[in-house]
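Each remark here refers to the structure printed beneath this line.
So that the names make sense, note that chain A is the first sequence line, chain B the second, and so on, each numbered from 1.
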Amino acid sequence: MTDSPSDPSPKSLAAFRAEVLAHYREHGRALPWRETHDAYEVLVSEVMLQQTQVSRVEPKYAEFLAAFPDIEALAAAPLAAVLEAWSGLGYNRRAVSLKRLAEVVVAEHGGAVPRDPVVLATLPGIGKATASAIVTYAFEALAPFIETNVRAAFLHHFFADADDVPDRDVLPIVEATWDRECPREWGYALMDYGTHLKRTLPNPSRRSRHHTRQSRFEGSDRQARGAFLRALVREGALTVDGLAEGAGIDPARAERLLGDLEREGFFVRESDGLWAVGA
DNA sequence: TTCCGGAGTT
DNA sequence: AACTCCGGAA
């Protein structure tokens, strides 16, 4: 990092809090998952929001909950139906994890989403940030976390001239400013402030040590995997050659990718050699 | 073409 | 610590 933060004074911490809250009062967003405390609904929204912008999650969220209204319904659903409801959101492993999570919560927690972020983070597809977000929004718990909007807000305000900033340096300030009385509203306020900064400035999160750029999509494994998934959800079952031809790739590469997808719990190879979406 | 983004694996 | 995973918008 080029410029390490001088220990922020209580006064500058208070000024930051005031600015974030003022922005929230004026420009806070009304979002569907902000109208519920239902832990399952909050959990679904947070998993969808992990790598996906609000504008893309918003329509899919209502659709998904209509199809799987509670965690028992999700646990009992065919994986193909869950993947179909997920289509368009990307990073489909999240859908597989979410379905497995529902099965675990129903089987081992009586259908109740755990209230302890440490327990939550042991569930499939839930890491530290998502676990903390869930208990913040569903249970009004005090659980400070760092994700991209939080990073943007704190890098902009406390690390204005710094580069390559590790979360280790950001976290103490995040914790010092976190609202003890209304952590849920504070979380919303931080999200909206961070989003606002990214709309109006070069994304401050690019100055995080943890910022990375993606590899190109065209011709990638990701593109082929997405094509396989859409084909199998639509057709039910296909041969390797059928899948390879549909995706415009050679059969050897298709075979390798199908093996990956099988290990990740997407697909099964049936006795007749056809590939299908798993259970 | 460039942009965005948390979890899991290794 | 480095790498993979998606799709749509700008």
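Under the 4.5 Å side-chain criterion, counting only non-hydrogen atoms from C-beta, L201(A) is in contact with L197(A).
Taking atom P in both dG8(C) and dA7(B), the straight-line distance is 23 Å, to the nearest Å. Across dT9(B) and dG7(C), the matching C1' atoms stand 23 Å from one another, rounded to whole Å.
Between R151(A) atom CZ and dG5(B) atom C1' there is a gap of 9 Å when expressed in whole angstrom units. Going from atom CZ of R93(A) over to atom C1' of dC3(C) covers 10 Å, rounded to whole Å. The nearest whole Å value for the distance from the CZ atom in R263(A) to the P atom in dT4(C) is 15 Å. Between the CG atom of D167(A) and the P atom of dA7(B) there is a distance of 11 Å, given to the nearest Å. We find that CZ of R206(A) is positioned 12 Å from P of dT2(B), with the value rounded to whole Å. Across the protein-nucleic acid pair, F145(A) atom CZ and dG5(B) atom C1' stand 14 Å apart, rounded to whole Å. Distance, F266(A) CZ to dG8(B) P: 13 Å, rounded to whole Å. E218(A) places its CD atom 17 Å from the P atom of dC3(B), with the value rounded to the nearest Å.
Figure legend: cation-pi geometry between R17(A) and W186(A), with NZ or CZ positioned under 6.0 Å from the six-membered ring centre and within 45° of its axis. In this structure, R184(A) is not positioned above the aromatic face of Y137(A) in the sense of NZ or CZ being under 6.0 Å from the six-membered ring centre and within 45° of the axis.
Ring-centre distance between F154(A) and F159(A): not below the 6.0 Å cut-off.
Contact annotation for L49(A): no contact, since no heavy-atom pair falls under 4.0 Å across all strands.
For the pair T130(A) and H211(A), nearest-nucleotide mapping onto DNA chain B gives the more 5' position to H211(A). Nearest-nucleotide mapping onto DNA chain B: of S97(A) and R94(A), the residue sitting toward the 5' end is R94(A).
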Under 3.5 Å, which N/O atoms of the protein pair with N/O atoms of nucleotides 7-10 of chain C?
{"residue": "dG7(C)", "atom": "OP1", "partner": "R230(A)", "partner atom": "NH1", "Å": "2.9"}
{"residue": "dG7(C)", "atom": "OP2", "partner": "R230(A)", "partner atom": "NH1", "Å": "3.3"}
{"residue": "dG7(C)", "atom": "O6", "partner": "Q214(A)", "partner atom": "OE1", "Å": "2.8"}
{"residue": "dG7(C)", "atom": "O6", "partner": "Q214(A)", "partner atom": "NE2", "Å": "3.0"}
{"residue": "dG7(C)", "atom": "N2", "partner": "R56(A)", "partner atom": "NH1", "Å": "2.8"}
{"residue": "dG7(C)", "atom": "N3", "partner": "R56(A)", "partner atom": "NH1", "Å": "3.2"}

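K198(A) and T148(A) share a side-chain donor-acceptor pair at under 3.5 Å. Under the 3.5 Å distance criterion, with hydrogens and angles disregarded, a donor-acceptor pair is assigned to the side chains of S215(A) and R222(A). A donor-acceptor pair shorter than 3.5 Å cannot be found between the side chains of D221(A) and Q223(A).
Taking every side-chain heavy atom of K198(A) into account, dG5(B) is the closest of dC3(B), dA7(B), dG5(B). When each of dT1(B), dC3(B), dA7(B) is scored by its nearest atom to the side-chain atoms of R216(A), the top-ranked nucleotide is dT1(B). The side chain of T148(A) has dG5(B) as its nearest neighbour among dT2(B), dG5(B), dA7(B).
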